[in-house]
Amino acid sequence: MPPAIPTVVKPKHFGAPLGMYSHGMVAPGGEIVVVAGQVGMGEGGAVAVGDVGAQTKQALENVRAIVEAAGCTMGHIVRLQTFLTHAEDIPGFMTARGEVFPRYFPKGAYPPNTLLVVSRLVKPELLVEIEAMAVKPAAAATVKRPAARPRAAKAAKGGRSAGRRKASRKR
């Protein structure tokens, strides 16, 4: 049985989302994977200066690399938060997202996304930053539990079971 993936929440009285996102999602139980804000910086620190579309695609690729390293897919993402440094970059961001989201989310179940316009990011040439949260399915999550002590060992050490047997023999 494949691990469960998040499902989109569609309130009946809500209209369609204004873009490629969902109003909400329900995630099956598992481990939470939190991805720090990723920027449009590629290998070696290269940044497509002045190109919000290229920076958006790179930031999303960086998110993808992190969730995959954590044992998830982009389909396990349950929340995105996007920061842009200029309101006039919103159309470029939307276009770039529209180009890559169908590949990342082929079933069209887009995660909720909050888009904020901020005064700047850590470096002035950065135009976009994207945070993510994913839920690693419980079947894929590694859960370490302490090893149980065998009952025989407990009885041999004078545990409760051994005490009860002694008491019942005396009767």
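Here, residue 1 is the first one in the sequence, and each next residue gets the next number.
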**OP:** State, with a plain yes or no, whether a side-chain heavy atom of Leu84 is found less than 4.5 Å away from one of Leu116.
**Re:** no

Please report, to 0.1 Å, the donor-acceptor pairs under 3.5 Å made by any side chain of residues 117-135, with sequence neighbours excluded.
unit_1 : atom_1 : unit_2 : atom_2 : d
Arg120 : NH2    : Val122 : O      : 2.8

Subject >> Thr82: partners by side chain to side chain donor-acceptor pair (under 3.5 Å), with sequence neighbours left out >> reply: Asn113

Donor-acceptor contacts, no H, no angles, side chain residues 62-73, under 3.5 Å, sequence neighbours left out:
unit_1 : atom_1 : unit_2 : atom_2 : d
Asn62  : OD1    : Gln58  : NE2    : 2.8
Asn62  : ND2    : Val39  : O      : 2.9
Asn62  : ND2    : Met41  : O      : 3.1
Asn62  : ND2    : Gln58  : O      : 3.4
Arg64  : NE     : Glu61  : OE1    : 3.0
Arg64  : NE     : Glu61  : OE2    : 3.3
Arg64  : NH1    : Glu68  : OE1    : 2.5
Arg64  : NH1    : Glu68  : OE2    : 3.4
Arg64  : NH2    : Glu61  : OE1    : 2.8
Thr73  : OG1    : Gly75  : N      : 3.1
Thr73  : OG1    : His76  : ND1    : 3.2

Subject >> Reported OG1-to-CG distance for the pair Thr114 and Leu80, which is rounded to 0.5 angstrom >> reply: 9.0 Å

Original post:
Is the closest side-chain heavy-atom distance between Pro111 and Ile77 below 4.5 Å?
Top reply: yes

**OP:** Sequence neighbours left out, what passes ring-ring contact (aromatic ring centres under 6.0 Å, His included) with Tyr104? Give chain and number order.
**Re:** none

**OP:** Spell out, yes or no, whether Met94 and Phe83 are grouped together once hydrophobic residues are joined by side-chain heavy atoms under 4.5 Å, including indirect joins.
**Re:** no

Original post:
Do you know the tightest heavy-atom contact between Ala96 and Gly53?
Top reply: CB-O, 3.5 Å

**OP:** Scan residues 49-59 for pairs that pass salt bridge (charged side-chain N to carboxylate O under 4.0 Å, His left out), counting only residues two or more places apart or in two chains.
**Re:** Lys57-Glu99

Original post:
Would a hydrophobic clustering, with Ile, Leu, Val, Met, Phe, Trp and Tyr connected at side-chain separations under 4.5 Å, put Val49 with Val52?
Top reply: no

Original post:
Looking at CZ of Arg97 and OH of Tyr110, how far apart are the two atoms once the value is rounded to the nearest 0.5 Å?
Top reply: 9.0 Å

